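Below, all heavy atoms of this structure are taken into account, side chains as well, without hydrogens, waters or symmetry copies. For clarity, every value in this text was computed on a predicted model and none was experimentally measured.
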Amino acid sequence: MKRSFICLFFLSFLIASSPSHAIEVVVEMTGAENFVQLKDGIQKTITARCLAAGTPPGDGNALTVSLMQLGEIISFDAVLDSQPPRAFHRDVGSRGELSGVIDQMIEELIIGRAQPAAAPPPAPEEKPLVEVAAPPPIESGIELPFIATSLVVLDGTVFVSDGKTLYRMEGDRAVPCWNTPGSAKIYRIFTYQGSLLAVTNRRESFHTYQIKGSETVQSWERCVIPLGDTLVMSRLMTDLMLPDGVNYWENPVAGTGEAFEFPQGFDFVSAQAADIIPSQSGIETIAFDKLGRVTLLSGKNPLWASETKLATLPLYFESKVDEPDARYYLMPRILPYGSGVITIANEQGPWKFLRNVKYYNSSRVLMLNPGKSGDGERDLVTIRNHYCADIALDEGDLIVLVVKKSTSLLQRIDL
């Protein structure tokens, strides 16, 4: 409650102290009474975010935002009275998505207009694509008779998981070696100092288990991930003071109890630590920001962000709120590789604006290089009609975990 009052006071202060030439925001809302009641709060947060985005002095243009509730879908439209006029439209699946859509709208209409157009980057070097056919021929990989969730390589051995079981790959066979306790469901697995970490969803919270061989040697009622040589933990929280609840990660701490610097609003589960830019002192943190961009950070300071915004995976955590809108969806894994990173771009096509509908028509595995102009983006793998659940590196090879309708495929790619 205290946190929400502080945020509201800060927003009110920004709005009250803004200069007269700041952008004028007009919000129109149509729908149920409890939806229309959000109008003042939405107008204030849009005004504050426009100011935070650096609206140019002397800019008296009006920003008209219209929200219309059509059943379960909210039509979000915005028009900026500029020369020429600029418009923005999204169909929103729930009220919980409005915050992210507002940020997207400001980025496209305000920030995009305020920044001068950059010189086009040089054409990327043409690289042959490795394409996994749909359905892939059996010779191209190892078929798994289950829907897989995650993948790692530990001491040369490939481990893969489904929702309940951890498997060790022996040739082309997946041999069960550990099962989750109770109702826990495996979301992602990591390696840490000769052991495995299984991050699971259990009893409406995250639990992490450390596994050696087939035994659980330690567990935490937290989400625990390795960042470099350190185990860092956090909990996913839901602010019930906001409409439909908004998920956020509490301040992460190292296993020793020391504070760990991690920017608010960034995705914790997908975070990595690596020396991507040698000219920067120390190790950089790599994580997804709230818009789904891969971001490189030095402490809490962003150094670089990808132009590509990446979709979530279908695995989600649901908080205990009245409506199923406060879902946290797992972001893809990020793998540091040389002076860049590798990650997954699952393509949702026309479904990408519906938060709780997860349908993928294709997928790409991307190499992103912050040191090159633009994104330095290159496709390593393309996948048709299926999605990529996870990736792992093994002695210069990239292992791709592809999920089909009721089975999965392990595909090894020579980098």
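Of all the heavy atoms in A174 and L144, the pair that sits closest is CB-CD2, 4.1 Å. The two residues I225 and V269 make their nearest non-hydrogen contact at CG2-O, 4.1 Å. Closest heavy-atom contact between S408 and V403: OG-CG2, 4.0 Å. What you find for L291 and G100 is that their closest heavy atoms are CD2-O, 4.1 Å. When every heavy atom of L313 is checked against every heavy atom of A389, the shortest pair comes out as CD1-O, 3.7 Å. Here the closest non-hydrogen pair linking T295 and A305 is OG1-CB, 4.0 Å.
Going from atom CD1 of I189 over to atom CG of L166 covers 5.5 Å, rounded to the nearest 0.5 Å. Atoms CG and CD1, from L335 and I286 in turn, are 9.5 Å apart once rounded to the nearest 0.5 Å. Between the CD atom of E108 and the CG atom of L80 there is a distance of 12.5 Å, given to the nearest 0.5 Å. Rounded to the nearest 0.5 Å, atoms CD1 (I102) and CZ (R49) are 5.0 Å apart. The CZ atom of R293 sits 8.0 Å away from atom CZ of F266, with the distance rounded to the nearest 0.5 Å. With rounding to the nearest 0.5 angstrom, the CZ atom of R90 is 13.0 Å from the CG atom of L98.
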**Request:** Apply side chain to side chain contact (heavy atoms under 4.5 Å, CB included) to V365 and I413, showing your working.
**Result:** CA-CA 11 Å; V365 179; I413 306 297; over 6 Å; no

**Request:** Kindly indicate, with the supporting measurements, whether the criterion side chain to side chain contact (heavy atoms under 4.5 Å, CB included) is fulfilled by L67 and V27.
**Result:** CA-CA 8 Å; L67 292 88; V27 175; 4.1 Å; yes

**side chain to side chain contact (heavy atoms under 4.5 Å, CB included) assessment of I344 paired with L366** = CA-CA 6 Å; I344 301 164; L366 304 179; over 6 Å; no

**Request:** Please report the C-alpha distance between S219 and T208 in whole Å, then the side-chain angles of each, then the deciding distance to 0.1 Å, and finally whether the side chain to side chain contact (heavy atoms under 4.5 Å, CB included) criterion is met.
**Result:** CA-CA 6 Å; S219 64; T208 305; over 6 Å; no

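Between the N346 side chain and the T312 main chain, no donor and acceptor come within less than 3.5 Å of each other. A donor-acceptor pair under 3.5 Å links the side-chain atoms of Q43 to the main chain of V25, judged by distance alone. Under a 3.5 Å cut-off, the side chain of T285 and the backbone N or O of L297 do not form any donor-acceptor pair. The backbone N or O of A32 sits less than 3.5 Å from a side-chain atom of Q69, completing a donor-acceptor pair. For the pair Q272 (side chain) and I334 (backbone), a donor-acceptor distance under 3.5 Å is present. Checking side-chain atoms of T343 against main-chain N and O of R333 turns up a donor-acceptor pair under 3.5 Å. Under a 3.5 Å cut-off, the side chain of S270 and the backbone N or O of M331 do not form any donor-acceptor pair.
Using the six-membered ring where Trp is involved, W249 and Y328 have ring planes that are perpendicular, over 60° apart on the 30 and 60° scheme. Aromatic ring pairs are classed by plane angle as parallel below 30°, tilted from 30° to 60° and perpendicular above 60°; the pair Y329 and Y316 is tilted.
Counting only heavy atoms from C-beta outward, the side chains of F35 and I74 approach each other to under 4.5 Å. The shortest distance between side-chain heavy atoms of F76 and Q104 does not fall below 4.5 Å. Under the 4.5 Å side-chain criterion, counting only non-hydrogen atoms from C-beta, L231 is in contact with L197. Contact annotation: the side chain of L415 approaches that of I342 to within less than 4.5 Å [non-hydrogen atoms, C-beta and beyond]. Contact check for M105 versus V65: side-chain heavy atoms found under the 4.5 Å cut-off. The closest side-chain heavy-atom distance from V158 to Y167 is not below 4.5 Å. Between I276 and L303, every side-chain heavy-atom pair lies at or beyond the 4.5 Å cut-off. Proximity of D275 to E284: side-chain heavy atoms (C-beta onward) are separated by under 4.5 Å at one or more points.
Partners of D394 by salt bridge (Lys or Arg N to Asp or Glu O under 4.0 Å), not counting sequence neighbours, listed by chain and number: R412. Residues that satisfy the side chain to side chain contact (heavy atoms under 4.5 Å, CB included) test with E170, not counting sequence neighbours, are R168, R173, V175. With sequence neighbours left out, T149 forms a side chain to side chain contact (heavy atoms under 4.5 Å, CB included) with S161, I186, L315. Taking the salt bridge (Lys or Arg N to Asp or Glu O under 4.0 Å) definition, one finds that K290 meets it with D103, sequence neighbours left out.
If you check the side chains of D390 and S150, you find a donor sitting under 3.5 Å from an acceptor. For the residue pair E347 / S362, no side-chain donor-acceptor distance below 3.5 Å is found, with atom types taken as modelled.
The side-chain hydrogen bond (donor to acceptor under 3.5 Å, both in side chains) pairs that include a residue from residues 177-191 are K164-T180, T165-N179, W178-T216, Y187-N201, where partners are two or more places apart or lie in different chains. For residues 208-232, the set of pairs meeting the salt bridge (charged side-chain N to carboxylate O under 4.0 Å, His left out) definition, not counting sequence neighbours, comprises R222-E250.
Figure legend: cation-pi geometry between R235 and F268 absent, as NZ or CZ is not positioned both under 6.0 Å from the six-membered ring centre and within 45° of its axis.
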